[in-house]
Amino acid sequence: MSNDSFQARILHWYRLNGRDLPWRHTRDPYAIWLSEVILQQTRIDQGRDYWQRFVHRWPRVGDLAAASEDEVLLMWQGLGYYSRARNLLAAARQVVAMGGFPADFKGLKALKGVGDYTAAAIASIAFGRPVATVDGNVYRVLSRHYGIDTPIDTTAGRKTFAALAQSLLPVDQAAAFNQAMMDFGATCCTPRSPRCSQCPLEDTCEALHSHRVDQLPAKLKSARVTTRYFQYVYLRCDGCTAIHRREAGDIWQGLYEPVLYESATATAAGELRAMPHLDIAPGVGPVELCHAVKHQLTHRTIYADFYLLATGIRPALPPGYFWIEERDRDRYAMPRLVERLLETLP
């Protein structure tokens, strides 16, 4: 199939099947950048709501740049991968310092947290630059259609697919074509159960004809998943509770959580390993509310126990913890796992 034919079929499919998304009704680089950052690791149906909240709260990049990290993390709560939120704020401040968004790929890529894909998406959609986007959807479509089994997580694979995507890009319709490829991979050429019978490329798809649809795209590496064991103690004293802010160098940087103890191994139900730094009155003990609650992250599996410790006298807290009123808990951004545990409080 010629490049022209491939382009024509994908664009025709997009005109009939493209998703109607609010950020596709503007060429404002702020709105487009915001959508791209939110949609990294996030489903469209969830991301749309967050995008609308962000643009309502901070309609311009300068508004976002003036926000505090706590405000942005709280707005981001529930999306996960919180480094995206911190990078979002840092990049907004870069843009303001520069006097506006860069209009080219290189300048956009210099923004905090903006990689090749996001830079290409903003450059093509907001500024009409002929730069091809290559994400998981594009890898999947191209590897299957052309029967390419070079692993996508290798330098050779990234170069191969970037060059192929760029060669297919119609320079006068870069924005439409990039968005068409994203939608096509997300809704037709899906990872599992692709709609091959409805595919406009069915007659020329190498993977379909060679029965390799479920084998492509190929990957070389498989990420190692580690297991961690958390024990949370929710202190309750006269309408107050104790939290701390997680530091850099670990998951959930900048988010808040109750008193935490981490174990090297799994614990039995009701087995609270230790409570150092907590001077608890005699006869006062923790009550287990949840045991071994599983929370899956990309490279980590966490099992969490959750205890309630109600006391009439405030104990001394571990370093870094402080008291807040329970009614103010919603002012502090917390990991989704902690939100789930807090739902079990009586």
Side-chain angles (χ1 to χ4, degrees), residues 10-11 13-67 71-72 75-96 98 100-105 107-109 111-138 141 165 169-170 172-188:
I10 289 292
L11 289 169
W13 177 92
Y14 181 60
R15 284 191 290 272
L16 298 177
N17 301 283
R19 293 173 290 190
D20 183 17
L21 303 171
W23 48 85
R24 288 183 174 169
H25 297 279
T26 179
R27 297 190 67 178
D28 176 9
Y30 170 63
I32 294 164
W33 163 68
L34 189 60
S35 74
E36 292 296 337
V37 175
I38 288 174
L39 292 178
Q40 295 167 10
Q41 310 292 338
T42 301
R43 301 184 314 276
I44 286 278
D45 55 349
Q46 182 186 24
R48 181 192 284 109
D49 292 340
Y50 277 87
W51 181 86
Q52 290 171 335
R53 290 176 212 163
F54 265 84
V55 296
H56 178 75
R57 175 78 177 275
W58 299 298
R60 293 171 297 276
V61 68
D63 302 322
L64 176 59
E71 289 175 317
V72 174
M75 182 69 77
W76 194 269
Q77 185 170 278
L79 277 177
Y81 299 92
Y82 285 87
S83 60
R84 292 182 293 166
R86 293 189 294 272
N87 290 340
L88 190 77
L89 180 57
R93 291 171 176 172
Q94 282 180 273
V95 170
V96 169
M98 290 187 290
F101 275 90
D104 63 293
F105 175 84
L108 289 162
K109 194 178 173 185
L111 297 177
K112 184 73 171 177
V114 173
D116 288 350
Y117 166 78
T118 303
I122 302 167
S124 63
I125 299 169
F127 301 107
R129 299 300 176 93
V131 187
T133 56
V134 183
D135 68 347
N137 291 314
V138 176
V141 172
L169 186 74
D172 58 339
Q173 297 185 75
F177 186 79
N178 280 337
Q179 292 176 99
M181 289 289 284
M182 295 178 216
D183 277 14
F184 183 66
T187 64
C188 185

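- By the 4.5 Å heavy-atom criterion applied to side chains, N137 and F184 are not counted as neighbours.
- Within the 4.5 Å cutoff, the side chain of L79 has heavy atoms near those of the Q46 side chain.
- Residues Y14 and F177 form no side-chain contact, since every pair of their non-hydrogen atoms from C-beta on lies 4.5 Å or further apart.
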Exercise for review: Could you please spell out the steps behind the side-chain hydrogen bond (donor to acceptor under 3.5 Å, both in side chains) verdict for R24 and Q179?
Suggested key: CA-CA 9 Å; R24 288 183 174 169; Q179 292 176 99; 3.0 Å; yes
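- Between the side chain of R48 and the main chain of L21, no donor-acceptor pair closer than 3.5 Å is present.
- The shortest heavy-atom contact between V138 and V134 is CB-CA, 4.0 Å.
- The nearest pair of heavy atoms linking V72 to A67 is CG2-CB, 3.9 Å.
- When each of L111, L89, V61 is tested with Q94 by the rule side chain to side chain contact (heavy atoms under 4.5 Å, CB included), just one qualifies, namely L111.
- Taking 4.5 Å as the limit, every side-chain heavy atom of T187 sits out of range of all side-chain heavy atoms of N17.
- Within a 6.0 Å radius of NE2 in H25, other residues, nucleotides and ligands contribute more than 12 heavy atoms.
- Under the 3.5 Å distance criterion, the side-chain polar atoms of Y50 are left unmatched by any main-chain donor or acceptor of M75.
- Only one option out of V95, V96, L88 pairs with L64 in a side chain to side chain contact (heavy atoms under 4.5 Å, CB included); it is L88.
- In this structure, W13 and D183 have side chains that are in contact, with non-hydrogen atoms separated by less than 4.5 Å.
- Within the 4.5 Å cutoff, no side-chain heavy atoms of M181 are placed close to those of T133.
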Distance-only donor-acceptor pairs under 3.5 Å for side chains of residues 123-131, two or more places apart:
from: S124; atom 1: OG; to: A120; atom 2: O; distance (Å): 2.9
from: S124; atom 1: OG; to: A121; atom 2: O; distance (Å): 3.2
from: S124; atom 1: OG; to: N178; atom 2: ND2; distance (Å): 3.0

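- Among pairs with a residue in residues 27-38, those fulfilling side-chain hydrogen bond (donor to acceptor under 3.5 Å, both in side chains) read E36-Y117, at least two apart in sequence or across chains.
- Of all heavy-atom pairs spanning P170 and L11, the tightest one is CG-CD1, 4.4 Å.
- Applying the salt bridge (Lys or Arg N to Asp or Glu O under 4.0 Å) definition to pairs two or more places apart or across chains, none involves residues 117-128.
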Check your understanding: Could you walk me through whether W23 and L39 pass the side chain to side chain contact (heavy atoms under 4.5 Å, CB included) check?
Key -> CA-CA 12 Å; W23 48 85; L39 292 178; 3.4 Å; yes
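- When side chains are defined from C-beta on, E71 counts as touching W58, because their heavy atoms get closer than 4.5 Å.
- Here the straight-line distance linking atom CG of L34 with atom CZ of F54 works out to 6.5 Å at 0.5 Å rounding.
- Closest of all the heavy-atom pairs between A31 and W51 is O-NE1, 3.0 Å.
- What you find for Q52 and P22 is that their closest heavy atoms are NE2-CG, 4.3 Å.
- The shortest heavy-atom contact between K112 and A90 is CG-CB, 3.8 Å.
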